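Keep in mind it's a predicted model, so treat the numbers as computed, not measured. Throughout, protein chains are lettered first and strands after them, A, B, ... in sequence-line order, and every chain is numbered starting at 1.
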Number of protein chains: 2
Amino acid sequence: MNRANPLTLLLGVAHPVLLAPMAGVSGGALARAVSRAGGLGLIGGGYGDAGWLEEQLVMCAGERFGVGFITWALHRQPRLLSRALDSGAQAIMLSFGDIAPFAGPIRDADAVLIAQVQTVAQARGAVAAGAQIIVAQGGEAGGHGGLRGTIALVPAVVDAVSPVPVIAAGGIADGRGLAAALMLGAAGVLCGTAFYAAIESIADPRAKQRVLEASGDDTVKSEVFDLVRALDWPDGPWGLRSLRNGFSERWANDVSGLRSVLDEEQQRYGLSREQGDFDTAAVIAGEAVDLVHAIAPAADILLSLVDRCREAFASAP
Amino acid sequence: MNRANPLTLLLGVAHPVLLAPMAGVSGGALARAVSRAGGLGLIGGGYGDAGWLEEQLVMCAGERFGVGFITWALHRQPRLLSRALDSGAQAIMLSFGDIAPFAGPIRDADAVLIAQVQTVAQARGAVAAGAQIIVAQGGEAGGHGGLRGTIALVPAVVDAVSPVPVIAAGGIADGRGLAAALMLGAAGVLCGTAFYAAIESIADPRAKQRVLEASGDDTVKSEVFDLVRALDWPDGPWGLRSLRNGFSERWANDVSGLRSVLDEEQQRYGLSREQGDFDTAAVIAGEAVDLVHAIAPAADILLSLVDRCREAFASAP
């Protein structure tokens, strides 16, 4: 994976592997570990907690790193972008919303604007709005995402935006997925679930354990966890993918029922997060959980991903 | 693609590419053309029209070919399996239902039992029931299918059923997808949408034209076309993926409304099929439509798929 491509040159990385900026998982320690191992770590800026973000930025000081934001949430707190850029973020990844207002400031800071999209049409729009790298995210991904699958979306986006580098995301957690993504025409991959159970991940240890034990068969896309977390997502096909658990089984097919007892369920849900009860609280991971088998240092995860990709190519017909 | 693997040995094919047995698309002529070009053509046995199937079997006489059935429909007409086997089908592919009762007759006829599955758990069950090849079908596929995406499902199924050969299906329509599937550990691919617009396909020319013009962004999974076609699918997450059109836009979010005027809409729908009005009638194709650009002979489609796969490997890092 050491052959330079437009992506590795643009980001200055040895390996074309990016850490997905998972809210509540990808803190500064995980981002730093992925970057030090030769990939690019992206801090999960999420919905925008300024104090928390500040602490993560400090952990990455002097390191190559990036920050990912939920675009519609960044619109409400645009100063978080300045903080990330002032702290030395070399890349900003924006997902779910209009990126145009942020393209100028990111360019002025000599940072790279990475736009995550879920359709071919969005990819074209993001490039027109100034994105320098496109993440084509299939619905296999954990967390919010679209309805298209990675294996068909990536080559279509490559055809639509070439020569802009495209990164494949969604359902990729080992070297086989990295090799497949490169064959699809992607210049690299963005992995979330692969790093969920990393030692440096700030996910709850009990949630990590559930990821180790789950199958991709056991994930589900639903709006119920956004509802109970009072997250005000704009309309769109952005169902959140998470592991199936007692809460999703109870409510995913009865959203109006959940609405009718929402106050009560929100209180119960808040408590479950404090107590680490993940039969209620969401474990936000994707279909690639089948491929995650151990709690390990992020560097080991990344290097084993790269090694297995090399093996896959070495045994290609 | 000429290096033998367990799949090509088992099926006696030069290229690890199978034609999906698409109902109303994969007739005998298309199956024969794919087989003659070095892949394996599967006739789309669909819901079981005995007279029609007989004609297709005659077209494949003396050729290497297979037949695909919808398993729950075959339970209602098991004699169709005998007809396929008596006509020399070397492979039978079963999808959506309990394959166990058919494993014995297929084995006794020295044919290969291919089971298409949509989850890791189903893959294990199919092998236990006697399947010799597993098709791991991602939800990107046109027609009925599950909810998992190909890129995460395939390696998980490979890990679960190895050394049984696994074929990747869903979202694969060019050599990049074939190369990606092989990197994921698949022994080959099953392609439907790639061959939808083949000259030998029996799809309506106006439907083929829509496939050429559509993007994968324009496909949708819905139950409305099954409802209006009075197809009695068993319960399960088997949403039919098709191109979005006027009919799906009108009813996909108002299924109970459709039920309330079903008789009328069924009459109108029947008429639309006769008239080739594909703003009402379904064009059953998958997310890979982005990659289909021309009406061409099936042999050209297959060979270009194999050539582009070789190119992808040749340029691998």
J.: Pick one of side chain, backbone, both or neither for Leu184(A), based on which atoms fall under 4.5 Å of a heavy atom in chain B.
T.: both
J.: Could you look at Glu287(A) and say if it's the side chain, the backbone, both or neither that has a heavy atom under 4.5 Å from chain B?
T.: both
J.: Looking at chain A, which one of Ala173(B), Gly177(B), Ala288(B), Ala180(B) has the largest number of heavy-atom pairs inside 4.5 Å, strictly under?
T.: Ala180(B)
J.: Rounded at 0.5 Å granularity, tell me how far NZ in Lys221(B) sits from CG in Leu147(A).
T.: 10.5 Å
J.: What's the shortest heavy-atom distance between Ala156(B) and Leu291(A), and which atoms?
T.: N-CD2, 4.1 Å
J.: Is there a salt bridge (Lys or Arg N to Asp or Glu O under 4.0 Å) between Arg148(A) and Asp290(B)? Walk through the geometry before answering.
T.: CA-CA 12 Å; Arg148(A) 299 212 44 188; Asp290(B) 286 298; 3.1 Å; yes
J.: Less than 4.0 angstrom from a charged side-chain N to a carboxylate O is my criterion; do Arg176(A) and Asp159(B) meet it?
T.: yes
J.: With a 4.5 angstrom heavy-atom cut-off, which part of Val158(B) approaches chain A: side chain, backbone, both or neither?
T.: side chain
J.: State the CG-OG1 distance between Asp218(B) and Thr119(A), to the nearest 0.5 angstrom.
T.: 9.5 Å
J.: Rounded to the nearest 0.5 Å, how far does CG of Leu178(B) lie from CE of Met183(A)?
T.: 11.0 Å
J.: Heavy-atom pairs under 4.5 Å with chain B - which of Gly185(A), Ala160(A), Ala312(A), Gly286(A) has more of them than the others?
T.: Ala312(A)
J.: Can you tell me which portion of Ile151(B) sits under 4.5 Å from chain A's heavy atoms? Options are side chain, backbone, both or neither.
T.: both
J.: Between Ala179(B), Ala121(B), Pro155(B), which has the largest tally of heavy atom pairs under 4.5 Å with chain A?
T.: Pro155(B)
J.: Nearest 0.5 Å please: distance from the CD atom of Glu140(B) over to the OG1 atom of Thr150(A).
T.: 7.5 Å
